Amino acid sequence: MNRLKEYYKKALQNHFALGAFNFNNMESLQGIVNGCKKTNAPAIIAVSEGALSYIGDDFIIELAKGAKASFTHLFLHLDHGKSFEICKKAIDLGFDSVMIDGSSLKFGENIALTKMVCDYAHKFDVQVEGELGQLKGIEDNVYASDHHFTDPLQAKIFVERTGVDSLAVAIGTSHGAYKYQGEQTLRFDILQEIENLLPSFPLVLHGASTVDKELVDKFNSYGGKLEHAVGVPKDLLIEAIKNHNIVKINTDTDLRLAMTMQVRKVLSENPKEFDLRKYLGKGREEIERVVMDKNQNLLFSANKID
Ligand code: G3H
Ligand code: 13P
Ligand code: ZN
């Protein structure tokens, strides 16, 4: 069985979640790997379509090889694949897992596309994540001015008809650094209904960065201008992991903030510095710190390796 599938099972049974950490360059990947290794935490290293084209196919595969050689409990995942072709490409390249994101399509079209990806992926024992419902804000270059929460009945039909291995649900999170204007809450009632209809099925939360005030304040103190940035409150994520079936938590924004804060710090404190190892190295350390903290205190994935 695919080892990631086994980890999802273990996460469901033991109420922890795997971090799905997006990376965009070698240093961000190294920060994630070091953080997971030091906490003995299995995790997903995620690549968006944008990151794949930025880094390039060959480099992604070699970087992932290096990451796994350093710590074997890491799984390479395509984040927000929008077409059969991009998912097939990732599968053919050797990814462990792909997300087919048909969430902006009509229900029937999303089912047909997701099923097509599952049928192909499963021949190679690759895991597939689907998405139903839409996150508020920018998602995959589609702007939704409001949440389109996942419909629990549709979720059941979607899983049965497609054969997906996990499902990303929309219950009130959103991508980026500006997640809430009003009440900071998640729709646990909808999550519970989904779980009643799909017991013991691995569910995923996107847009789960916590955008910690301390990090944002530091970012701003070194010349950044992120005003009114708000993430998902930690206690809501812990509730989703401990009392529900969320087994994968996606984080990109917090890692970007961490690295960029350190780059700003080093450059603003040392205006004569131009050795890129000095600022990217500090950025890498900051990502490691954030990943360790999440694995230990938010996801409870620390010391969960098999
Ligand atoms: O969910 C989306 C990720 O944050 C990826 O963002 O498309 O800018 O790489 P990106
Ligand atoms: P954040 O923007 O909250 O980090 O979400 C990342 C994500 O969902 C990647 O798929
Ligand atoms: Zn996402």
Side-chain angles (χ1 to χ4, degrees), residues 17-25 28-29 31-32 35 43-56 59-60 63 75-83 86-87 90 95 97-104 127-144 147-148 150 166-180 184 186 203-213 215-216 219 226 229-234 236-237 240-241 246-261 286-287 290-291 293-295 298-299:
L18 282 93
F21 300 112
N22 285 69
F23 68 96
N24 290 280
N25 63 6
S28 55
L29 177 60
I32 296 163
I44 290 160
I45 47 177
V47 180
S48 67
E49 282 196 43
L52 187 55
S53 72
Y54 176 76
I55 298 175
F59 279 92
I60 285 280
L63 283 173
F75 302 94
L76 182 63
H77 171 79
L78 175 71
D79 192 28
H80 292 286
K82 293 290 286 177
S83 62
I86 186 79
C87 291
F95 279 50
S97 168
V98 295
M99 174 189 192
I100 175 68
D101 179 357
S103 61
S104 60
Q127 290 281 287
V128 181
E129 173 183 328
E131 180 171 351
L132 200 57
Q134 268 184 290
L135 275 57
K136 188 179 172 180
I138 297 261
E139 189 176 22
D140 319 307
N141 303 320
V142 177
Y143 182 77
H147 295 290
H148 295 278
T150 305
S166 61
L167 181 69
V169 293
I171 57 163
T173 59
S174 60
H175 290 114
Y178 299 93
K179 299 194 192 297
Y180 295 99
Q184 293 168 35
L186 291 181
L203 300 175
V204 176
L205 273 188
H206 281 248
S209 278
T210 51
V211 191
D212 295 1
K213 188 177 177 318
L215 194 56
V216 174
F219 182 95
L226 278 180
V230 187
V232 187
K234 274 194 185 109
L236 296 185
L237 293 174
I241 296 164
I246 299 294
V247 298
K248 173 174 176 276
I249 291 271
N250 284 24
T251 303
D252 189 353
T253 296
D254 283 347
L255 307 185
R256 292 180 177 188
L257 277 176
M259 172 160 275
T260 308
M261 182 277 283
E286 191 69 27
I287 287 189
V290 169
V291 167
D293 181 46
K294 284 191 188 287
N295 290 345
L298 181 76
L299 308 168

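Counting convention: from 1, in listed order, for ligands and their atoms alike. Remember, predicted model here, so these are calculated numbers, not experimental data. We number each residue from 1, following the sequence as shown.
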Can you find an N or O of S48 that's nearer than 3.5 Å to an N or O of ligand 1?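 Yes.
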Pairs of nitrogen or oxygen atoms closer than 3.5 Å, one from N24 and one from ligand 1: do any exist?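 Min N/O separation from ligand 1 is not below 3.5 Å for N24.
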Within the side chain of [X], is there an N or O that forms a donor-acceptor pair under 3.5 Å with the backbone of [Y]?
X	Y	result
D254	S209	no
T150	A170	yes
Y180	G172	yes

Which heavy atom of M259 sits nearest a heavy atom of S28, and at what distance?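 Scanning both residues, the minimum pair turns out to be CE-N, 4.1 Å.
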Looking only at heavy atoms, which two atoms of K82 and I100 are closest? And how far apart?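 Taking K82 first and I100 second, the nearest heavy atoms are C-CD1, 4.0 Å.
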Below 4.0 Å from ligand 2: does a non-hydrogen atom of M99 turn up there or not?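 No; M99 lies far enough from ligand 2 that no heavy-atom distance drops under 4.0 Å.
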What distance separates [X] [atom1] from [Y] [atom2], expressed to the nearest 0.5 Å?
X	Y	atom1	atom2	answer
K248	S97	NZ	OG	6.5 Å
F75	Q127	CZ	CD	9.5 Å
L63	I55	CG	CD1	6.0 Å
L215	T210	CG	OG1	8.5 Å
L237	T173	CG	OG1	8.5 Å
L226	F219	CG	CZ	4.5 Å

Contacting atoms of ligand 2, where contact means under 4.0 angstrom from a heavy atom of [X]:
X	value
H80	10 (O)
G176	2 (O)
H206	8 (O), 10 (O)
T251	4 (O)

Closest protein heavy atom (residue, atom, distance) for [atom]:
atom	result
atom 7 (C) of ligand 2	H175 CD2, 3.4 Å
atom 2 (O) of ligand 2	T253 OG1, 2.6 Å
atom 10 (O) of ligand 2	D79 OD2, 2.6 Å
atom 3 (O) of ligand 2	K179 NZ, 2.6 Å
atom 8 (O) of ligand 2	G207 N, 2.8 Å

Just let me know how A208 lines up against ligand 2, side chain, backbone, both or neither, with a heavy-atom cut-off below 4.0 Å.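 Contact part for A208 vs ligand 2: backbone (N, CA, C, O).
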Heavy atom under 4.0 Å from ligand 2: found in N22's side chain, backbone, both, or neither?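 Side chain only; the backbone of N22 stays clear of ligand 2.
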Which one holds for R256 and ligand 1: side chain close, backbone close, both close, or neither close, with close meaning a heavy atom under 4.0 Å?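 The part of R256 near ligand 1 is the side chain, not the backbone.
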Which one holds for T253 and ligand 1: side chain close, backbone close, both close, or neither close, with close meaning a heavy atom under 4.0 Å?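 T253 to ligand 1: no contact under 4.0 Å from either part.
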Just which atoms of ligand 1 are under 4.0 Å from any heavy atom in D252?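 What qualifies from ligand 1 is 3 (C), 4 (O), 5 (C), 6 (O).
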Distance filter under 4.0 Å to H80 heavy atoms, resulting ligand 1 atoms: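 Every atom of ligand 1 under 4.0 Å from some heavy atom of H80: 1 (O), 2 (C).
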By atom name, which N, O or S atom of H206 is the nearest to the Zn ion (ligand 3)?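 That would be atom ND1.
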Testing E49, E129, H206 for side-chain hydrogen bond (donor to acceptor under 3.5 Å, both in side chains) with H80, which one passes?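 Running side-chain hydrogen bond (donor to acceptor under 3.5 Å, both in side chains) over E49, E129, H206 with H80 returns exactly one hit, H206.
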